[in-house]
Amino acid sequence: MDKVEADVNFFHHLHEVVAQNRDKKCLLLDDGSYWTYEQLFQCTFHFAGFLRSQGIQVNDRVVVQCEKCPEALALYLACLQMGTIYVPVNTSATATEIQYVVEDTEPKVLVLKDEPSSLTNYGIDCFVLSSSECEFVSQVRSHSAYSEIMIRSDADIAAILYTSGTTGRAKGAMLSHRNLRSNAETLLKTWGWERTDVLLHALPIYHVHGLFVAIHCVLLSGTSMWFFRTFDLEQIIRRMPHATVLMGVPTYYIRLLKEQGFSHKAFKAMRLFISGSAPLSEQTFNSFFDRTDKRILERYGMTETGMITSNPLKGERVAGSVGFPLDGVAVRIVDKEGNQSSSDWVGEIEVKGPNVFAGYWRMPEKTREEFTTDSYFKTGDMGYKNDEGRVFIVGREKDLVISGGLNVYPAEIETLIDEMEGVEENAIIGVPHPDFGEGVVVVVVSEEPITLDAVRDFLREKVASYKHPKAVISVGDLPKNAMGKVQKNLLRQSYSSLFEEN
Ligand code: MCA
Ligand code: AMP
């Protein structure tokens, strides 16, 4: 095979689009200004020049925790171009959480949104990308543009995204150029992306949803997006008449429905409202339809697999279902013995296809455990297919809380809270929450009652604040089964109405 045929660098495909759309508006910004495709890719080439000046080689890691801005996107694209591995970190991650990623990936370059405190030593010099106007951006722009695209092959990794573990350490999911490209191409077809589409992009760009699903759909189709710095309802509603697609987590739709300004005038030109990352309740789906006459299109995915299923663009979108497997993606439901279940039987969802990741970074054992002998990835989600082949998710085998589309792994928080003075034992559960879908709650056995403030203060330096409990419940003891395991289902039942609105 000659070199060019072997090359799967996803950046090639994105760059081909630029060549046909140089003057087209790519990023529409909060202040009304914009970046054309030409501007975005010129900036990317300056970042490539900067990376080169740092002696970066293919497969080196670049760890990035910075606010959403066009330059942050250019940095991601430059990593793809240079064949380096992009490792995004949640903007609310603490120094301790960043340190873990740095130690695990041993990056050549570290880019942060803030100067590290004098007490923080990541063991590597870092660059500070705090805004479009910062000194680092001027420094990058002063580097000569570098436009060569590094050749990559199937096994080469484009990005590592960390997902916390149900037990033990956080794992870096390695996604290849092929994973990114196959998923983006499939989604463009599934969602009927049109030349005139304009996306409302309000998601953060450190997760698969905002970084890959949303951005790749736009860049690979040469269309435009409103590139909002944060999720700001007022901005979204104001720009909605000049957009056609919104991608969001269910909390976005819950919040939109509470806004008076979310009127016919705002949404009448919208072609598609897409939801994912967490279950969309039938109530939200139905209220949205009553208000707008539009059915939200729900899809399902995972960091390790990108997108797996989607409700149809043209056919019926069913409330409570995540739709059909995407083209080229095999989805099966298996029982505890690993046998494939028949229609309507609940089992674990397993996935195989070009979208499925290459394994966990430096964890070959863990990777093996998560795949079956015939190479299906075990999602840890429980569900069934009906006789039409639609997939329904009914729960999770993994102990995980999804709050506003962000994952909180109870084991991580429980281990920390156990270290609090006076705490004998504790259990983290997720219970229904009117805004976040699920709210994190800690049920604690302690010598003296513990306040929510005390728990949050204790966790502040340790983990990102979205992982902090929203309520503390003190109990005499935790319900346990014969094996001594905490019966979280009983706790979830007991406190299911904790956040109920009156
Ligand atoms: C913010 N806070 C939260 C959450 N977000 N608490 C619980 N759950 C959350 N999701 C807390 C902050 O810690 C802070 O607490 C306070 O709320 C205000 O923070 P702020 O950032 O201003 O909140 P917000 O703007 O209201 O954010 C809510 C949000 C955001 C817009 C729903 O969480 C969000 O953008 N979620 C989307 C996440 C996402 O992209 N997920 C995709 C994962 P304090 O005041 O105490 O500091 S990818 C994935 O799941 C797969 C692949 C898939 O299928 O897509
Ligand atoms: P993450 O690790 O952040 O990639 O989260 C992936 C998990 O989010 C999946 O394993 C599911 O449990 C959940 N998820 C994503 N989309 C949906 C959806 N539409 N409905 C229910 N759960 C979802």
Side-chain angles (χ1 to χ4, degrees), residues 67-68 88 90-94 161-166 170-171 173 175 183 187 201-214 228-233 235-236 247-256 274-281 284-285 296-311 319-323 348-351 355 357 377-383 391-409 430 433 435-441 452-453 455-457 459-460 463-470 499:
E67 300 295 353
K68 188 173 168 188
N90 190 314
T91 47
S92 55
T94 61
L161 273 71
Y162 275 78
T163 85
S164 292
T166 38
K171 304 164 287 180
L175 293 154
N183 218 222
L187 292 176
H201 191 303
L203 290 157
I205 56 168
Y206 45 75
H207 275 314
V208 164
H209 197 167
L211 182 62
F212 298 152
V213 180
F228 301 117
R229 259 173 306 157
T230 57
F231 176 75
D232 175 345
L233 270 175
Q235 275 276 21
I236 291 176
M247 289 186 196
V249 297
T251 301
Y252 286 18
Y253 296 103
I254 292 168
R255 292 189 185 177
L256 275 172
I274 302 174
S275 176
S277 308
L280 179 73
S281 73
T284 306
F285 180 93
I296 297 174
L297 182 152
E298 185 174 9
R299 58 59 177 181
Y300 157 57
M302 260 187 100
T303 301
E304 288 91 333
T305 62
M307 299 302 99
I308 304 168
T309 69
S310 172
N311 271 277
S321 168
V322 292
E348 183 172 358
I349 301 173
E350 293 184 346
V351 186
N355 55 318
F357 76 135
F377 174 66
K378 305 174 195 169
T379 63
D381 290 314
M382 301 299 288
V391 177
F392 292 77
I393 298 175
V394 297
R396 296 172 209 129
E397 179 132 285
K398 51 197 173 193
D399 191 10
L400 161 68
V401 181
I402 305 185
S403 171
L406 293 172
N407 292 2
V408 182
Y409 284 86
H433 189 283
D435 186 36
F436 291 127
E438 284 184 294
V440 174
V441 174
L452 181 60
D453 282 348
V455 172
R456 293 171 69 92
D457 279 349
L459 294 175
R460 195 161 321 278
V463 288
S465 60
Y466 69 85
K467 299 179 185 174
H468 296 184
K470 301 267 185 257
F499 297 118

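The model shown is predicted, which means the values in this text are computed figures rather than measured ones. Sequential numbering from 1 along the given sequence is applied to the chain's residues. Start at 1 and go down the list; that is how both ligands and their atoms are numbered.
- Screening Leu400, Val408, Val401 for a side-chain contact (heavy atoms from CB on, under 4.5 Å) with Glu438, the sole residue that qualifies is Val401.
- The residues lining ligand 1, counting any heavy atom closer than 4.0 Å, are Leu203, Pro204, His207, Val208, His209, Phe231, Val249, Thr251, Tyr252, Arg255, Ser277, Arg299, Gly301, Met302, Thr303, Met307, Ser403, Gly404, Gly405, Leu406, Phe436, Arg456, Ser465, Tyr466, Lys470.
- Under the 30°/60° scheme for interplanar angles, the aromatic rings of Tyr252 and Phe231 are found to lie parallel.
- Residue Arg396 places its CZ atom among more than 12 non-hydrogen atoms of other residues, nucleotides or ligands, all under 6.0 Å distant.
- A donor-acceptor contact closer than 3.5 angstrom is absent between the side chains of Asp232 and Thr230.
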What's the verdict on ring-ring contact (aromatic ring centres under 6.0 Å, His included) for Tyr466 and Phe436, showing C-alpha distance, side-chain angles and the deciding distance? CA-CA 10 Å; Tyr466 69 85; Phe436 291 127; 9.7 Å; no
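- Side-chain contact check for Asp381 and Tyr300: at least one donor-acceptor pair (N or O, by modelled atom type) lies under 3.5 Å.
- Checked by atom type and distance alone, the side chain of Arg456 pairs as donor or acceptor with a backbone atom of Pro469 at under 3.5 Å.
- Taking the ring centroids of Phe285 and Tyr253, they lie at or beyond the 6.0 Å cut-off.
- Of the residues Ile205, Leu187, Leu175, the one that meets the side-chain contact (heavy atoms from CB on, under 4.5 Å) test with Phe212 is Leu175.
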Show me a pair-per-line table, with atom names and distances to 0.1 Å, of protein N or O atoms that are under 3.5 Å from an N or O of ligand 2.
residue  : atom   : partner : partner atom : Å
ligand 2 : 2 (O)  : Asn407  : ND2          : 2.8
ligand 2 : 3 (O)  : Asn407  : ND2          : 3.0
ligand 2 : 4 (O)  : Thr303  : N            : 2.6
ligand 2 : 4 (O)  : Thr303  : OG1          : 2.6
ligand 2 : 5 (O)  : Asn407  : ND2          : 3.0
ligand 2 : 10 (O) : Asp381  : OD1          : 3.4
ligand 2 : 10 (O) : Asp381  : OD2          : 2.6
ligand 2 : 10 (O) : Lys398  : NZ           : 2.6
ligand 2 : 12 (O) : Asp381  : OD1          : 2.6
ligand 2 : 12 (O) : Asp381  : OD2          : 3.4
ligand 2 : 16 (N) : Ser277  : N            : 3.2
ligand 2 : 19 (N) : Glu298  : OE2          : 2.9
ligand 2 : 19 (N) : Arg299  : O            : 2.7
ligand 2 : 20 (N) : Glu298  : OE2          : 3.4

